[in-house]
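Start at 1 with the first residue, then count along the sequence.
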Amino acid sequence: MPHHTRAWAFLAAAAVAALAAFFVPLLAAGGVGNGAGATAAATPAVPVDVGVILDLATGLGKKSLLGVEMALEDLYAARPDFTTRVRLHARDSDRDVVTAASAAVDLIRDEKVSVVIGPQSTLQAEFVTYLANKTKVPVISFSATGDAAIQYHLPYFLRACAKDSFQAAAIAAFVEAYGWKNVVVVYEDDNYGVGILPSITDALQDVEAHIIYRAAIPASSPDYLIDEELYKLMTMQTRVFIVHMLPGPASHLFARASAAGMMSEGYVWIVTANVGINLDVLPQHTVENMQGVVGFRPYVPKSARIIDFMSRFDALFRAKYHQAHDVGMARPTISQYWAYDVAWAVATAVEKVNRVGFPNIGFQTPQDAGKNLVNGLPTSTAGPELLSSILEADFDGLAGRFRFVDRHMDVPVYEVVNVVGEKARGLGFWSPGSGLLRLLNSTFTEDQAKSSVSASEVLKPVIWPGDSTTVPKGWDFPVNAKVLRIAVPVRHEFKNFVNVEANHNTNGSRASGYSIDVFEAAVNRLPYALRYEYIPYDCANSYDQLITQVYYKKFDAAVGDVSIIANRSKYVDFTMPYTESGVSMLVLAKNDDRTTMWIFLEPLTEDLWIATMVFIFFTGLVVWMIENPKNERFQGSKWKQFSTSFYFTFSTLTFSHDQIIEKLHSKVVVVIWCFVVLVLVQSYTASLSSLLTAQRLQPSVTDPRQLLRNGDYVGYQNGSFVHAMLRRLQFDERKIKVLSTLEEYAKALKAGSKHGGVSAIFDENPYLNSFVTQYGKDFQIVGPIDRTDGFGFVFPRGSPLVPDLSKAILNITEGCEGFQIQKKWFGDATPSPEYGSPDTDSVRLSLQSFKGLFIVNGFALCVMLVINLPEFIRAKSTELRNLSLQRANSSGEVASDNEPQQLQNNNAAPGGEPLQIERETD
């Protein structure tokens, strides 16, 4: 189409829109037409004055006023039966707080407005709301999103938009999903800017992220001040920036950031909702400076109603403000949707109050009017009813459900957008119940949303600054960054912890040792870069001097074998300890040949001795019962039977029994019992050997009080805090010796107190374990005598590195890496302190260890007992009967002639032969 044809078409459309904007209100008011219009003319509508305070010189102010006007036009066109008509009184606040307050005074005092829509900014709202509360005129803002506006209880201020604090959880979820741990907040240096800080700080802490710096930039800052602040950000390690500004100052900031090279690969820029909702209407040159920026904004789904509103709004705005060439300026945003809904709610509330028959929607002028500007303001008589009616509003507006919750709109669903090219591209959404989602109708469950999934699994791919698709690490080596000066104590002994050597190649020093390896391993696990250099510091006399140097910030940290104690924690912060804790006592081990005469009973516990004896007698009883009827060796007098049975059973303990058993069942019993005895004897031998060996090595001293009673000399490591502990234990200063080297430790202990040495050395467990590992079993550790928290790395109070390094140290010490570092410097095993004498109970054998054997043996005995019991009873019954007959024959009684024959018949065997009765002889 030729250019002149398109120009004529545009002018025609603008003319039609202008005529519609002029005549439609007249038709709605009943000035033209008939039908409904005639009815309205017949019953004139009651005009109700409503004030509007906006920055009418800005695009947001112009478009918002148009949205309010369109809402009233649409409402009265849809409801011509309304008996009231809102009459707008617009005032320009001229982007000034005082002007906005003056406009509010003018509207309330002179125009007698019943409701005020606006003001536009949070700073203006703070002043106007006090006037509203005093005059009982409801003030409804659709754009004052800052939290500072409602710090106090001001019931007549309503917020028909999403508070800035609502988006804090969405931003924190985004930061967590990408694993960034440190961020910088760049905010406008006013009440609007600082209002979001508490909520964003708490939300980030909930996901274990931290704000390491807050950059406050005034809205009207010149370029050189912004450049200075940006350069300061470049010198930091963090590359994740959250920008909370209004669109104007934010545009200026990104222009300077682009010029400084901070819109390149590796940077992360996140903007809050006030910028996010305007990304589609910003000028092209501003959008070009924001490529790769991620923004958040309340989500409004596209609908037929929204599309119709946007079409009408575009034509009316172009016609009214002659914005023919700037497409973005004529496009409405969610702010205009909120303005539309607020006007609809106000007009509906006014109609509701009027219909219930409220006598007067007016004002009551105070008696002292004119004496004071504020005190002389009139008070709205219908204010409480209007406020209540507005709070009860509940309808489907352009921006979604219009309903007040605690005097503001409910938490919305936020859309996550990415500036790519000329517009903002949608990445996904965030909802309060489900977290980050790629699609709102996604089946992603709440539990999955709360789990540790990356954003790349949920959101669409992000195009980061520099046109990069690689997810930024969130940190980088800073420009002109400060190199941490880390003090390393110079040790003359225990160099396996810290060893400082001169590096002739660099004319510097090289540090090594267990402490150094743990620190460097922890630094490698940090989610950001850390530049540092080791500086040797000779603190042999006292580690407290090293703590003092860190406290006065002459060093940025101290890495070495520094003990964590309460007094030091008052001045510096320590990381989590990387060694075991406690102070113990090193003493000489002595041979103790004195053994108790009953030591042979100690390998078995009392219950095991009792069980063994019970089974010895039980086994002997069962063997006797099986063998007695047929085996002559188990027959005879009672004493002979008893001695034979139990001698046989006891002899199995030493496997010296001979082959005196004949029956198969008794052999089964003996074989099972011999297996039990074999296990018992072997275990007994091993346990007794352990007891005899362990009891020969005894510590020469087991209690510090023993040293005090004897007046013995004690030692401690030079420069250690243990000296103060010995003084607390009431050791005489003259009895305390300072020792410096491992050789001095061994020499002093071997010499003893009587020959110029010491009887014990008090030191921390890591040092003592290292000593015993090197010098063997001639020495023993007794303790711990006192409690400490072990070794830790030292940082100034409040250092942000402490929590990150502590987590890294915990992961190292609990994993294989920590074991490998320990093995490198101390070998495979490190001795642990012992408490007094060796614990003999640990090598004693209990019944619990052999319960299975005894159950099997007992079951076999019971089975054999049941099988052989009938035969045993029959044999005993026959023996008793024969014994009775024998006693009868030997009694000397004279029998009758028939008695011998009868006796002979009675004792006849089944085959007809008489039984032979043997006399038992001893």
Can we say R87 and D49 salt-bridge, meaning some charged N sits less than 4.0 Å from an Asp/Glu carboxylate O?
yes
Output yes when E351 and R79 qualify as a salt bridge under the 4.0 Å nitrogen-oxygen rule, no when they do not.
no
Which heavy atom in A203 sits nearest to a heavy atom in A172, and how many Å separate them?
O-CB, 3.5 Å
With sequence neighbours left out, what residues match R312 under side-chain hydrogen bond (donor to acceptor under 3.5 Å, both in side chains)?
D74, D308
Using the test side chain to side chain contact (heavy atoms under 4.5 Å, CB included), find all partners of D96 that sit at least two apart in sequence or belong to another chain.
V98, T99
For the pair T129 (side chain) and E126 (backbone), establish whether a donor and an acceptor sit closer than 3.5 Å, ignoring hydrogens and angles.
yes
Stepwise side-chain hydrogen bond (donor to acceptor under 3.5 Å, both in side chains) check, T83 with N354
CA-CA 8 Å; T83 60; N354 184 71; 3.0 Å; yes
Which of parallel (below 30°), tilted (30 to 60°) and perpendicular (above 60°) describes Y337 and F309?
perpendicular
Answer yes if the ring centres of F402 and W344 are under 6.0 angstrom apart, and no otherwise.
no
side-chain hydrogen bond (donor to acceptor under 3.5 Å, both in side chains) evaluation trace for Q120 with S143
CA-CA 5 Å; Q120 186 168 310; S143 57; 5.6 Å; no
Basic-acidic side-chain contact under 4.0 Å: D55, R95
no
Salt-bridge test for R331 and D280: reply yes if a basic N is under 4.0 Å from a carboxylate O, no otherwise.
no
Parallel, tilted or perpendicular: rings of F317 and F313 (30°, 60°)
parallel
Is the number of heavy atoms from other residues, nucleotides or ligands within 6.0 Å of CD (E422) greater than 12?
no
Which class fits the ring pair F241 and W269: parallel under 30°, tilted 30 to 60°, perpendicular over 60°?
tilted
Using a 6.0 Å cut-off, check whether atom CZ of F404 has over 12 heavy atoms from anything other than its own residue.
yes
Quick one: does S388's side chain have a donor or acceptor within less than 3.5 Å of a partner on E385's backbone?
no
Check against side-chain hydrogen bond (donor to acceptor under 3.5 Å, both in side chains), T333 and Q336
CA-CA 6 Å; T333 66; Q336 284 69 63; 3.0 Å; yes
Side-chain donor/acceptor of R159 to backbone N/O of A144, under 3.5 Å
yes
Looking at every heavy atom in both W338 and F142, which two are closest together, and how far apart are they?
CE3-O, 3.2 Å
Without swapping roles, check the side chain of S258 against the backbone of A255 for a donor-acceptor pair under 3.5 Å.
no
Do you know which two heavy atoms are closest between P378 and R109, and how far apart they sit?
CD-CA, 3.9 Å
For the residue pair D164 / T272, report whether a side-chain donor-acceptor contact shorter than 3.5 Å exists.
no
Quick check against the 3.5 Å criterion: does D341 have a side-chain atom that pairs as donor or acceptor with the backbone of A399?
yes
On a heavy-atom basis, the closest approach of V137 and S114 is CG1-O, 3.4 Å
